[in-house]
Amino acid sequence: QAREFADEMRVAARAGTIHTRLLFVLTGKFLAFLPQDFARPWVARGEMRALAPHEWSYRHTCFAVARKDVALSAACERFLDELKRAFARE
């Protein structure tokens with residue numbers, strides 16, 4: 001439902017990064033889909049709010065990819081562990 005809504009909206013600006021989308025929203029002249037965790041500080045300060053989040057939200061699937069033929073470094077293993085922990089909370 002959110003995807004259909006987004007497809008029907010008039011595009012007035014394009015943003016290559018999430019931070020640029022945030023800046024557009026903070027002007028008060030644009031709407032954008034932003035991840036809740038990313039938007040939380042601005043929402044908490046009352047600088048922006050979610051519009052009908054139960055109707056217009058959607059989820060993305062995230063994948064971590066690594067080569068099978070290369071051993072993972074300790075840093076990479078730690079990063080993957082943190083990703084798994086973060087997404088397990090959802």
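Here the structure is a predicted model, which is why all the values come from computation and not from measurement.
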Exercise for review: Can you run down the side chain to side chain donor-acceptor pair (under 3.5 Å) pairs that involve residues 20-35, sequence neighbours left out, and say none if there aren't any?
Suggested key: Thr17-Thr20
Applying a strict under-4.5 Å side-chain criterion to I, L, V, M, F, W and Y, I'd like to know whether [X] and [Y] cluster together.
{"X": "Phe79", "Y": "Leu72", "result": "yes"}
{"X": "Leu23", "Y": "Met48", "result": "no"}
{"X": "Ile18", "Y": "Leu31", "result": "no"}
{"X": "Phe38", "Y": "Phe33", "result": "no"}

Practice item. May I ask you to decide whether Asp37 forms a salt bridge with Arg40, counting only side-chain N to carboxylate O separations under 4.0 Å? Key: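 Yes, Asp37 and Arg40 are salt-bridged.
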Review point. Crowded around Gln36 CD? As in, over 12 foreign heavy atoms under 6.0 Å?
Key: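 Atom CD in Gln36 is not crowded, with 12 or fewer foreign heavy atoms closer than 6.0 Å.
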Review point. Does a sphere of radius 6.0 Å around CZ in Arg14 hold more than 12 heavy atoms from other residues, nucleotides or ligands, not counting ones at 6.0 Å or beyond?
Key: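 Atom CZ in Arg14 is not packed in, count stays at 12 or less.
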Check your understanding: Phe30: which other cluster members, linking ILVMFWY side chains closer than 4.5 Å, directly or transitively?
Key ->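 Traced through the cluster, Phe30 reaches Phe24.
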Point to revise | Listed partners of Glu77 passing side chain to side chain donor-acceptor pair (under 3.5 Å), at least two apart | key: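 Glu77 satisfies side chain to side chain donor-acceptor pair (under 3.5 Å) with no other residue.
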